[in-house]
A.B. asks: 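Just passing along the structure, written as structure tokens.
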Amino acid sequence: MPIDVDEVQRLQAIAQATLAVAAREGARAVTIRAVAKELGGSTAMVTNYVPTRTALITNAVRAAESQWREDLEAHVGDLAGAERLRATVEWHLSTEPEDLLLRALWVEMLSSAQIDPDNVDHQEPRDSRQEFLAASTAAGVPDVDLAVDVLSLLTRGYYVSTMEEPAYWTSERASRVAQAVVDALIGG
């Protein structure tokens, strides 16, 4: 008789195991076999839910995204106008260890976009652009479309830069850049 498994719970367990492997051994060490070992089961335990390495990593990134939205809302709180826009940009430019880990997985996921495009997460960048759009509009930015594009490129470029030179891109440096960019976009 087959075991009844809750798919949502299994995907969450796979995501947590993926993050554990990445935290302990690095993003390159994330494989279906390594995650199955972390879960204490066979590779079929993983591939029944995520068939490729890209899907495995994307599952972990998506699991983290739900928490990101809650964290962002807590970070910006009741801020309004330009202060909300600054806080939104600064939140995206975080240098917390878990953010760096997720960026490493994000780079791994994107590196597979050519061979496994259907398993690359395209929703998170859209959600980020919507956040920038709402915050830029509320801040009275004269050209919100340009602001969204600039902030999207800034944050995505920052993700790569923190992978290349994590010691250089401190939270203080990122905050300074965020302040300058937001001021330029607002016209102040």
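No hydrogens, no waters, no symmetry mates; every other heavy atom, side chains included, goes into these values. Because the structure is predicted, anything quoted here is derived from the model rather than measured.
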A.B. asks: List for me each residue that meets side-chain hydrogen bond (donor to acceptor under 3.5 Å, both in side chains) alongside Asn59, sequence neighbours excluded, and say none if there are none.
C.D. replies: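 side-chain hydrogen bond (donor to acceptor under 3.5 Å, both in side chains) list for Asn59, sorted by chain: empty.
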
A.B. asks: Please list all pairs passing the side chain to side chain donor-acceptor pair (under 3.5 Å) test where one or both residues lie in residues 145-162, with sequence neighbours left out.
C.D. replies: His92-Tyr159, Arg103-Thr162, Glu124-Arg156

A.B. asks: Any chain of hydrophobic side-chain contacts (each under 4.5 Å) joining Leu56 to Tyr49?
C.D. replies: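 Leu56 and Tyr49: one cluster.
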
A.B. asks: So which heavy atom on Val120 is nearest to which on Thr58, and how close?
C.D. replies: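 That would be CA-OG1, 4.0 Å.
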
A.B. asks: Using the rule that two of Ile, Leu, Val, Met, Phe, Trp, Tyr join whenever any of their side-chain heavy atoms come within less than 4.5 Å, decide whether Val182 and Leu79 are in one cluster.
C.D. replies: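 They do not share one cluster, since no chain of ILVMFWY contacts under 4.5 Å joins Val182 to Leu79.
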
A.B. asks: Which value, rounded to the nearest 0.5 Å, describes the distance between Gln130 atom CD and Arg126 atom CZ?
C.D. replies: 10.5 Å

A.B. asks: What pairs with Glu165 under side-chain contact (heavy atoms from CB on, under 4.5 Å), at least two apart in sequence or on another chain?
C.D. replies: Tyr168, Trp169

A.B. asks: Evaluate side-chain contact (heavy atoms from CB on, under 4.5 Å) for Phe132 paired with Val89, printing each intermediate quantity in order.
C.D. replies: CA-CA 8 Å; Phe132 292 139; Val89 174; 4.2 Å; yes

A.B. asks: What distance do Leu93 atom CG and Thr170 atom OG1 have between them, rounded to the nearest 0.5 Å?
C.D. replies: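 Here the interatomic distance stands at 11.0 Å.
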
A.B. asks: Asp143 vs Leu185, test: side-chain contact (heavy atoms from CB on, under 4.5 Å). Steps then yes/no.
C.D. replies: CA-CA 8 Å; Asp143 188 342; Leu185 290 170; over 6 Å; no

A.B. asks: Which residue pairs satisfy the salt bridge (charged side-chain N to carboxylate O under 4.0 Å, His left out) criterion with at least one member in residues 9-20, sequence neighbours excluded?
C.D. replies: none

A.B. asks: Determine whether a donor-acceptor pair (N or O, by modelled atom type, separation under 3.5 Å) exists between the side chain of Thr52 and the backbone of Ala55.
C.D. replies: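 The answer is yes, because a donor-acceptor pair under 3.5 Å joins these two groups.
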
A.B. asks: If the condition is side-chain hydrogen bond (donor to acceptor under 3.5 Å, both in side chains), which residues does Asp127 pass it with, not counting sequence neighbours?
C.D. replies: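 For Asp127 the side-chain hydrogen bond (donor to acceptor under 3.5 Å, both in side chains) partners, ignoring immediate neighbours, are Gln123.
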
A.B. asks: Where is the tightest heavy-atom contact between Ala15 and Ala63, given as atom of each residue plus distance?
C.D. replies: CB-CB, 3.6 Å

A.B. asks: Under the rule for side-chain hydrogen bond (donor to acceptor under 3.5 Å, both in side chains), what residues qualify as partners of Gln9, not counting sequence neighbours?
C.D. replies: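 Once residues adjacent in sequence are excluded, Gln9 has no partner under the side-chain hydrogen bond (donor to acceptor under 3.5 Å, both in side chains) criterion.
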
A.B. asks: Val107: what forms a side-chain contact (heavy atoms from CB on, under 4.5 Å) with it, not counting sequence neighbours?
C.D. replies: Met163

A.B. asks: Before giving the answer on side-chain contact (heavy atoms from CB on, under 4.5 Å), spell out for Trp106 and Val160 the whole-Å C-alpha distance, their side-chain angles and the decisive distance to 0.1 Å.
C.D. replies: CA-CA 10 Å; Trp106 178 73; Val160 173; 4.2 Å; yes

A.B. asks: Any salt bridge (charged side-chain N to carboxylate O under 4.0 Å, His left out) pairs touching residues 111-123, not counting sequence neighbours?
C.D. replies: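 Listed by first then second residue: Arg62-Asp121.
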
A.B. asks: Quick check on the hydrophobic clustering: are Leu85 and Leu72 connected, directly or via other members, by side-chain heavy-atom contacts under 4.5 Å?
C.D. replies: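 They do share one cluster, since a chain of ILVMFWY contacts under 4.5 Å joins Leu85 to Leu72.
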
A.B. asks: If you round to the nearest 0.5 Å, how far is OG1 of Thr18 from CG of Leu105?
C.D. replies: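 Output value for this atom pair is 8.0 Å.
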
A.B. asks: Distance from Leu110 atom CG to Ile57 atom CD1, nearest 0.5 Å?
C.D. replies: 10.0 Å

A.B. asks: Can you run down the salt bridge (charged side-chain N to carboxylate O under 4.0 Å, His left out) pairs that involve residues 172-181, sequence neighbours left out, and say none if there aren't any?
C.D. replies: none

A.B. asks: Enumerate the salt bridge (charged side-chain N to carboxylate O under 4.0 Å, His left out) contacts for residues 73-94, please, sequence neighbours excluded, ordered by first and then second residue.
C.D. replies: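 Only Glu73-Arg84, Glu83-Arg86, Arg86-Asp183 qualify under salt bridge (charged side-chain N to carboxylate O under 4.0 Å, His left out).
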
A.B. asks: Report the residues that fulfil side-chain contact (heavy atoms from CB on, under 4.5 Å) with Glu96, sequence neighbours left out, ordered by chain and then residue number.
C.D. replies: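 Counting only residues at least two positions away or on another chain, Glu96 forms a side-chain contact (heavy atoms from CB on, under 4.5 Å) with Ser94, Glu98, Asp99.
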
A.B. asks: So do the side chains of Val61 and Trp68 get within less than 4.5 Å of each other, counting heavy atoms only?
C.D. replies: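 The answer is yes, as the side chains (C-beta and beyond) meet within the 4.5 Å cut-off.
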
A.B. asks: Under the criterion side-chain contact (heavy atoms from CB on, under 4.5 Å), I'd like the reasoning laid out for Ser136 against Leu151: C-alpha separation, chi angles, the key distance, then a yes or no.
C.D. replies: CA-CA 10 Å; Ser136 295; Leu151 296 173; 4.0 Å; yes

A.B. asks: Pair up each side-chain donor or acceptor in residues 19-42 with any protein partner under 3.5 Å, not counting sequence neighbours, and list the distances.
C.D. replies:
residue	atom	partner	partner atom	Å
Arg24	NH1	Glu38	OE1	3.2
Arg24	NH2	Glu38	OE1	2.5
Arg28	NH1	Glu108	OE1	3.1
Arg28	NH1	Glu108	OE2	3.3
Thr31	OG1	Ala34	N	2.9
Ser42	OG	Ala44	N	3.4

A.B. asks: Taking atom CD of Gln67 as the centre, does the number of heavy atoms from other residues, nucleotides or ligands within less than 6.0 Å exceed 12?
C.D. replies: yes

